[in-house]
Amino acid sequence: MPKVSTMSLTDEEIRYLRDAIAREPNSVELSMVSAEWSEHCSYKSSKPYLKIFSTEGRYVLVGPGYDAGVLDIGDGMLLTVHIESHNHPSAVEPYGGAATGIGGVIRDILSMGSRPIALLNALRFGDIRHDNHARWLFKNVVRGIADYGNCIGVPTVAGEVEFDDSFTNYCLVDVACIGIARRDRLVMLKGDADDLIVVAGNRTGRDGIHGASFASRAFEGEEEDRSAVQIPDPFMGKLLIDATMECVEKGCVKAIKDLGGGGLACCLSETADRLGKGMLVMLDALHVRESMSAEEMMISESQERMLYIVEPSRLEEFKAIMDKYEIPYSVLGRLTDDGYLSIYHDGKQVARIKASIVANAPIARRNAVKPPYIEEIAANSRKPEMPEYEDVAEIILELLADPSIASKEWVYRQYDHEVGLRTVVKPGYADASVLRIGLRHDRDDEDADGKYRYIAVKVDGNSKHCYIDPYNGSMGCFSEACRNVACVGAEPIAMVDHLQFGSPEDEHVFWTFIESVRGLADYGRYMKIPCVGGKVSFYNETRQGAIKPTPLVCVVGLVGDGSMVMKGHAGDGDMLMIIGLTKDEMGGSEYYEYIHSTLSADVPKVDLEYDKHARDAVLALVRSGLLTSVHDCSKGGLAVAIAEMCIASGIGARVELSNVPHTCTRLDDLLFSESHSRFLVSLRRDYLDAVNRVLADYPVHKAVIGAFNSDSDSLLLEYKGSSISISMDSMLDAYSSIARLMGHGG
Amino acid sequence: MPIRIGIVVFPGSNCDRDIYHILKNIMRVDAEFIWHKRDDLNAYYDAMIIPGGFAYADRLRAGVIAAFSPVMQVVKRLARDGMPVLGICNGFQILVESGLLPGAFMRNDSLTFICRWTRLRLDVDGSRTPFTLLLDKGSIINIPVANQEGKYYVDEDTLREMERNEQIVFRYEDNPNGSLYDIGGVCNEEGNVLGMMPHPERACEIILAPQHMSNSILHGYGDGIMIFRSLISYLYAKGEHHEPYR
Amino acid sequence: MPVYKVNVLIENKPYISDPEGDTILKDLVLKGGYHQVRSIRVAKMLKVEVEAKSVEEAREMVRRMCDELRLYNPMLSICKVE
Amino acid sequence: MPVYKVNVLIENKPYISDPEGDTILKDLVLKGGYHQVRSIRVAKMLKVEVEAKSVEEAREMVRRMCDELRLYNPMLSICKVE
Ligand SMILES: Nc1ncnc2c1ncn2[C@@H]1O[C@H](COP(=O)(O)OP(=O)(O)O)[C@@H](O)[C@H]1O
Ligand SMILES: [Mg+2]
């Protein structure tokens with residue numbers, strides 16, 4: 001059994017702690033503080049930089065700093081959003097790690113008194129084509145998410161998957177959750193002296209001890225990491241959802257908080273600090289699985305546990321609900337006015353320390369220096385040899401089979417994406433998923449039956465772009481997520497981000513972190529899309545070094561009304577139009593990296609004003625009902641986006657490439673550039689004039705570049721007199737490469 | 001008396017609220033949740049639905065633990081008295097484990113959970129069960145499955161007997177999970193108990209159907225609505241004279 | 001009363017296919033180069049600790065429990081109490 | 001070459017919790033009246049048929065296969081070859 005230690009505290013932090021409490025901390029206090037002051041729980045490196053996000057907006061009720069951001073979308077309905085990762089645990093035990101990640105983000109949503117209604121996931125692995133271990137991780141991570149999400153009845157509605165060698169022997173497993181609350185029932189932290197502190201859920205055991213500090217250092221994959229193996233229990237997760245919602249319904253809890261990283265230590269200190277209260281805690285009352293020391297109880301990260309603050313007069317009601325679901329619980333103690341966490345065990349006081357000290361780690365100053373590799377890439381950027389036009393077909397097929405681009409159907413088929421009767425646009429049918437809310441139980445107003453609202457959600461990231469140019473790459477991820485929700489007819493109203501990097505103690509890594517935050521913040525401020533929450537995950541390193549910087553952006557959008565939800569396919573004879581400008585920006589493109597293994601500095605840049613115009617133009621078109629389908633043009637570039645439209649619609653097309661508005665000097669740049677702010681739309685011929693009238697208001701490039709044709713079973717690309725043809729069958733075959741690689745799920 | 005349908009809820013059921021939404025907001029009939037610990041019903045019900053989900057997280061085997069719960073002893077009695085009982089997905093598995101329906105379930109051939117729309121064919125006369133009354137034999141409905149242990153199995157002898165008795169109600173046109181003889185739904189000998197793997201409640205509202213299936217003649221509704229409409233028609237046809245089940 | 005450990009092994013009847021075993025064989029074992037392996041079948045074991053007067057009583061009780069509470073499905077599986 | 005039957009038992013390490021076993025115990029076995037049962041843990045068995053020169057060789061090969069192909073996760077489970 002691992003010994004509780006202070007391994008994650010620096011000498012400086014120990015000195016700071018001594019000064020703060022004016023004495024030597026005892027061992028229980030030390031382990032509480034070291035759990036809470038871990039990077040994972042305290043944000044000690046990132047906090048000052050996160051302040052630059054703009055966090056206010058028309059829909060924001062609660063911004064960052066709580067367990068989930070809260071959006072008020074009217075009619076008495078609130079949305080909650082949160083994102084989490086479970087990278088280290090998934091790298092050790094992919095099934096359990098991914099599953100417990102879902103459990104964790106669900107409990108954050110529950111903590112606001114909101115009901116989880118949808119999950120998203122963003123996954124990253126090494127090369128599944130050649131690496132058995134990467135395949136093993138991928139298979140089990142997906143199975144873990146599926147088993148947990150399916151079992152608790154929360155649909156997994158959208159996501160993304162990327163493969164890159166920087167994730168070899170590792171993986172990034174991010175999950176976001178959307179919740180819904182009734183405005184009159186939102187649970188914000190409240191509590192008064194003598195209110196009771198109750199822990200409910202699974203028995204506490206020695207599992208996951210040091211999980212938070214495990215996630216706060218580089219990943220070794222060693223024996224000692226064993227202690228971080230966490231066992232998912234979706235059954236208890238589901239019972240906690242039902243019981244918590246019943247408590248919220250009845251109004252018998254004043255505060256709810258999940259027990260996550262850092263266990264009781266973090267949960268108690270953060271809750272007490274937030275409430276401005278103290279806590280008197282009797283550890284002997286805690287329901288445990290095995291006999292444990294006070295230190296172990298304080299920092300165990302046993303899964304599926306929740307903390308509730310209950311007024312004494314409501315305790316019986318609360319107990320009746322827990323008993324109904326046969327959920328074990330223990331009344332640990334009560335709130336006090338003195339601001340101290342006073343912890344008792346075995347009749348003795350084992351810790352007495354101010355909650356505000358534990359909950360507020362000293363900020364760690366980190367150096368930031370631009371990493372030399374970025375200059376090196378710039379110095380060595382060279383264009384690959386231009387392929388012959390006949391070879392372009394083969395390259396397009398190769399790109400379609402690139403696991404980062406290929407269909408993710410193998411993944412989302414394993415997820416119940418429909419439970420809840422909300423998933424209007426399902427994974428694989430459009431760039432973002434659309435959810436229906438406003439079912440009778442979602443509202444304050446019981447009579448407003450049938451008046452539904454629709455929201456769109458999508459999460460995006462791009463480690464290849466962010467590695468070479470973290471500022472522009474991050475901005476691009478944000479732009480892409482916004483484009484994706486616009487494609488289904490939604491206006492972005494908020495985002496949550498997840499910033500994943502190597503060690504913040506590495507000045508080069510830290511520079512990329514700061515750049516990335518700047519990119520996201522600049523985009524959000526310009527677009528007036530507030531950040532309502534997020535998460536930072538550092539120390540994503542293996543023996544090979546740090547992962548590529550991987551910020552993720554999860555955007556929530558609001559669809560005008562149900563009839564405006566876009567879930568169409570291109571039909572026979574429809575015209576294909578492109579909106580936006582294709583530029584010679586090849587850095588980090590799949591074409592360069594996957595086909596040519598070439599790094600190049602010129603990562604696509606977002607022109608903020610143009611980006612806004614392009615997105616608004618598409619939104620206006622979708623909302624005027626003039627389009628049959630829309631697809632955003634990103635990974636793999638124009639060629640891949642056109643091919644994907646043919647595949648999705650099951651019909652061929654003929655395209656004249658020279659009609660595409662561009663500033664490229666080479667055909668391969670034109671085909672495969674990942675320039676932002678571009679959309680492909682399909683429309684009926686007779687609507688062309690109307691479409692042009694709508695577009696006249698927006699200063700963006702646009703051109704009809706081809707037409708769909710159900711008689712043809714191929715995609716025909718014409719360019720200055722030459723033409724290539726790619727059969728539908730070969731495209732479909734290439735696009736289903738993941739299913740082929742992964743075989744059966746066993 | 002208004003029609004009232006009971007929805008049996010186990011720890012881990014997760015389509016209970018979905019069924020409730022369809023009954024209450026779409027079909028406009030009374031619906032009530034019945035918690036698994038109940039061993040007597042103090043109200044009358046016209047029919048029972050056992051919804052999908054993961055009762056007891058499908059531990060040991062899908063449906064087996066739920067089959068031993070008190071409420072299932074009540075459901076068994078009511079089913080014997082002729083009450084219409086519909087088990088969907090996990091509900092089907094529970095009906096099989098409690099012996100109300102023949103057969104057994106195994107893990108899908110893919111070994112994974114599968115969530116997708118399928119085409120389901122009615123293989124008996126619509127009048128065979130209260131839930132199919134309004135459908136013609138041979139008609140095909142678009143409806144999604146979402147299951148992990150959805151592969152239906154039954155031994156040869158029982159199968160032949162079921163065929164003779166017209167108990168094989170639904171067959172997949174595009175078998176998603178490896179079910180024996182493409183079986184997607186079966187009823188008991190009397191026809192009042194139906195189990196089906198696909199989820200009709202997910203196919204009631206056309207906005208929830210994938211785009212290529214939304215050209216339904218049902219004007220705003222999806223094919224799944226026919227299951228619920230059939231039940232309601234059946235209950236109305238029995239009229240006010242029928243003795244409610246207690 | 002003493003506590004005995006009784007193992008219950010639940011496996012598919014021989015004529016019922018075992019896609020999990022087949023997949024492990026085909027996708028992992030043979031692809032991984034272990035061509036000497038002829039077949040793999042997967043079974044489930046329940047390790048039960050039970051109070052009883054004797055081993056025999058423990059086994060007998062567990063056997064009864066398996067049948068009565070359907071710890072295995074007699075249509076698909078056989079169940080051995082060890 | 002002769003064919004040997006080798007059983008592989010994969011179970012969670014003793015200090016790692018087993019929610020499935022717990023639920024079977026609490027919601028099926030105890031509620032079903034078998035109060036003598038103290039605990040249930042679930043394990044998985046692979047019944048492998050393998051060609052080899054001797055039992056020892058068969059066992060040794062299966063052992064190697066389990067480790068190399070990750071038929072179990074050593075962080076989580078122990079694996080016995082019988
Ligand atoms: N891990 C996943 N889980 C669920 N759905 C996914 C996952 N990965 C991709 N998808 C779905 O597949 C579709 C295409 O995703 P992606 O290739 O990321 O699209 P885009 O390039 O437009 O961002 C979307 O509907 C997306 O939600
Ligand atoms: Mg897209």
Side-chain angles (χ1 to χ4, degrees), chain C residues 1-12 14 18 20-54 57-72 77-80 82, chain D residues 1-12 14 18 20-54 57-72 77-80 82:
Chain C
M1 239 191 296
V3 174
Y4 294 93
K5 293 189 181 184
V6 181
N7 289 345
V8 178
L9 190 69
I10 301 167
E11 52 186 317
N12 279 3
D18 175 20
E20 185 174 2
D22 293 347
T23 302
I24 296 177
L25 179 66
K26 189 170 126 291
D27 283 358
L28 273 175
V29 171
L30 295 182
K31 276 192 196 154
Y34 285 83
H35 299 285
Q36 313 92 311
V37 178
R38 287 285 194 78
S39 88
I40 295 187
R41 287 182 71 90
V42 179
K44 187 164 184 161
M45 184 180 273
L46 303 179
K47 308 185 99 181
V48 183
E49 286 186 13
V50 56
E51 278 182 11
K53 294 214 195 69
S54 64
E57 194 195 278
R59 282 213 198 105
E60 205 254 313
M61 197 223 81
V62 170
R63 173 84 246 175
R64 212 164 2 98
M65 175 177 89
C66 288
D67 293 336
E68 196 183 309
L69 298 182
R70 290 173 61 84
L71 290 193
Y72 69 104
S77 319
I78 45 180
C79 167
K80 287 183 209 135
E82 289 161 1
Chain D
M1 240 193 291
V3 173
Y4 294 93
K5 293 189 181 187
V6 181
N7 289 346
V8 179
L9 190 68
I10 301 167
E11 55 186 316
N12 279 3
D18 175 18
E20 176 165 20
D22 292 348
T23 304
I24 297 173
L25 177 68
K26 174 174 163 292
D27 290 312
L28 188 60
V29 169
L30 295 180
K31 285 183 185 164
Y34 284 83
H35 300 286
Q36 312 92 310
V37 178
R38 287 287 193 77
S39 90
I40 295 187
R41 284 181 73 90
V42 179
K44 185 169 178 167
M45 185 180 272
L46 304 181
K47 307 183 101 181
V48 183
E49 286 185 14
V50 56
E51 277 181 11
K53 294 215 195 69
S54 64
E57 194 195 278
R59 281 211 200 107
E60 205 253 313
M61 198 223 81
V62 170
R63 172 89 247 170
R64 213 166 359 103
M65 174 180 92
C66 289
D67 292 338
E68 194 184 310
L69 302 181
R70 281 191 159 264
L71 293 192
Y72 71 105
S77 318
I78 41 183
C79 169
K80 286 183 210 136
E82 290 162 2

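Note that these values count all heavy atoms, side chains included, but never hydrogens, waters or copies made by symmetry. Naming: A, B, ... by sequence-line order, numbering from 1 per chain.
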More than 12 non-hydrogen atoms from neighbouring residues, nucleotides or ligands closer than 6.0 Å to NZ on D:Lys26, yes or no? yes
Tell me, for D:Val48 versus chain C, whether the close heavy atoms (under 4.5 Å) come from the side chain, the backbone, both or neither. both
Which bit of [X] comes within less than 4.5 Å of chain D, counting heavy atoms only: side chain, backbone, both or neither?
| X | answer |
| --- | --- |
| C:Val29 | both |
| C:Val42 | both |
| C:Leu9 | side chain |

Top contributor to chain D contacts, counting heavy-atom pairs under 4.5 Å, from C:Arg70, C:Glu11, C:Met1: C:Glu11
What is the distance from atom [atom1] of [X] to atom [atom2] of [Y], rounded to the nearest 0.5 Å?
| X | Y | atom1 | atom2 | value |
| --- | --- | --- | --- | --- |
| C:His35 | D:Glu51 | NE2 | CD | 12.0 Å |
| C:Glu49 | D:Arg38 | CD | CZ | 8.0 Å |
| C:Leu71 | D:Leu28 | CG | CG | 5.5 Å |

Report the C-alpha separation of D:Leu69 and C:Lys31 in whole Å, then their side-chain angles, then the decisive distance to 0.1 Å, and conclude whether the side-chain contact (heavy atoms from CB on, under 4.5 Å) test is met. CA-CA 10 Å; D:Leu69 302 181; C:Lys31 276 192 196 154; over 6 Å; no
Return the minimal non-hydrogen interatomic distance between C:Met61 and D:Tyr34, and the atom names on each side. CE-CD2, 3.7 Å
Go through the steps to decide whether C:Glu20 and D:Lys44 satisfy the test side-chain contact (heavy atoms from CB on, under 4.5 Å), and finish with yes or no. CA-CA 12 Å; C:Glu20 185 174 2; D:Lys44 185 169 178 167; 2.6 Å; yes
May I ask you to name which of D:Leu46, D:Asp18, D:Val62 has the most heavy-atom pairs under 4.5 Å with chain C? D:Leu46
